[in-house]
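Worth knowing before you read on, the calculation uses all heavy atoms, side chains too, and leaves out hydrogens, waters and symmetry mates. Whatever order the structure lists them in is the order used to number ligands and atoms, beginning at 1.
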Amino acid sequence: MEKLNELKKIALEAGKIIKDGYAKTFEVSKKSPTELVTEYDKAVEEFLIEKIQPLYSDYTIVAEESFLGGELPKKAIFIDPIDGTTNFVHKIPHLAISIGVWEDGKAQEALVYNPILEELYSAKRGHGAFCNGEAISVNKDASLQNAIIATGFPYVKHEMGKEYWWVVKSMQQLLPKIRDIRRLGAAAIDLCYLSSGKVNGFYEINLQPWDVAGGILILQEAGGEVSGIGGTEYDFNKSIIVASNGSIHQELLENLADFKEE
Ligand code: IPD
């Protein structure tokens with residue numbers, strides 16, 4: 001557990017930078033019409049890379065603000081310095097640092113930290129999932145009708161392309177079958193809320209590896225399930241991630257719209 005403990009200390013330090021920014025007014029830039037970035041995303045990422053790289057010298061860091069694209073390395077640490085940047089900009093306290101340590105397509109260690117609400121989720125493969133040191137697990141309610149399902153909308157929504165229509169059609173099919181939808185604005189936290197039994201399922205299109213690399217292991221260690229659309233094995237090249245408490249997985253899949261990968 002030693003390295004995970006080191007990661008926690010680093011995340012807690014990085015969280016102070018986010019907290020500081022959350023209390024201030026700052027410049028906001030646009031990566032696209034709907035995708036925001038701030039000086040804090042960059043500062044937190046630089047801090048995390050500087051501290052984490054020496055600890056994991058044989059891993060390549062793939063981080064949101066500095067990744068130049070291309071094939072993903074086999075041994076990688078995926079970092080999202082602020083998952084939920086839009087919430088950060090709008091002072092909505094639902095955001096997190098997300099870190100996932102991956103080797104050969106499998107997550108080994110994970111950490112998702114919301115410094116505003118002071119919630120630190122963590123997991124190590126084979127050792128369970130935790131929030132602030134307390135063990136967490138998914139709720140096993142098998143009724144889709146009782147389910148709260150978290151989701152998110154892709155940045156390309158303004159283009160109204162096939163991703164947009166997949167979101168609309170899936171919502172149209174699913175909404176009457178469930179208790180309600182939540183769009184909380186940070187995929188890493190959506191996966192942690194699923195892991196701790198607050199919501200029963202999660203799906204989203206067009207997420208990036210750093211959005212989910214931490215949350216996936218936390219969910220698996222909490223007893224949940226993750227797949228691609230149609231129940232295929234999830235990998236970072238898939239457009240859609242579907243996650244659940246396990247008990248509603250099949251029914252959730254059946255109520256999402258079909259999607260053809262290019
Ligand atoms: C975003 C959040 C959001 C999701 C977006 C992501 P970011 O991450 O996870 O919930 O809907 O697609 O990109 O950009 O704030 O790190």
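- Near T85, the atoms of ligand 1 lying under 4.0 angstrom from a non-hydrogen atom of the residue are 15 (O).
- Checking D83, D211, D41, N206 against atom 9 (O) of ligand 1, the nearest heavy atom belongs to D83.
- Near E64, meaning under 4.0 Å from any of its heavy atoms, are these atoms of ligand 1: 14 (O), 16 (O).
- No part of K157 comes within 4.0 Å of ligand 1, judged by heavy-atom distances.
- Of the heavy atoms in D80, only side-chain atoms (C-beta onward) come closer than 4.0 Å to ligand 1.
- Each of L252, L253, I248 was evaluated against Q250; a single residue qualifies, L253, per the side-chain contact (heavy atoms from CB on, under 4.5 Å) test.
- Defined by atom type and a distance below 3.5 Å, a donor-acceptor pair is missing between the side-chain atoms of S98 and D83.
- The closest approach between R183 and ligand 1 falls below 4.0 Å for a heavy atom of the residue.
- With hydrogens and angles disregarded, a donor-acceptor distance shorter than 3.5 Å links the side chain of K238 to the backbone of E233.
- Considering K3, E109, K75 as possible partners of Y56, the one that fulfils the side chain to side chain donor-acceptor pair (under 3.5 Å) test is E109.
- In terms of heavy atoms, A14 sits closest to L48 at CB-CD2, 3.7 Å.
- By the 4.0 Å N-to-carboxylate-O rule, K24 lies close enough to D20 to be salt-bridged with it.
- Distance check, rounded to the nearest 0.5 Å: CD1 of I99 to CG of L217 gives 13.0 Å.
- Look at K8 and E13 and you find no salt bridge, because none of the NZ, NE, NH1 or NH2 atoms lies under 4.0 Å from a carboxylate O.
- Of all the heavy atoms of I82, the ones lying under 4.0 Å from any atom of ligand 1 belong exclusively to the backbone.
- Under a 4.0 angstrom heavy-atom cut-off, G84 registers as being in contact with ligand 1.
- Nearest to atom 10 (O) of ligand 1 by heavy-atom distance, out of G185, A96, G152, is G185.
- For A213, the side chain to side chain contact (heavy atoms under 4.5 Å, CB included) partners two or more places apart in sequence, or in a different chain, are F78, W102, F236.
- Contact annotation: for A186 versus ligand 1, heavy atoms closer than 4.0 Å belong to the backbone alone.
- At a heavy-atom distance under 4.0 Å, only side-chain atoms of E204, from C-beta outward, approach ligand 1.
- At under 3.5 Å, not a single nitrogen or oxygen of L207, backbone or side chain, sits near a nitrogen or oxygen of ligand 1.
- In Y155, the part holding a heavy atom less than 4.0 Å from any atom of ligand 1 is the side chain.
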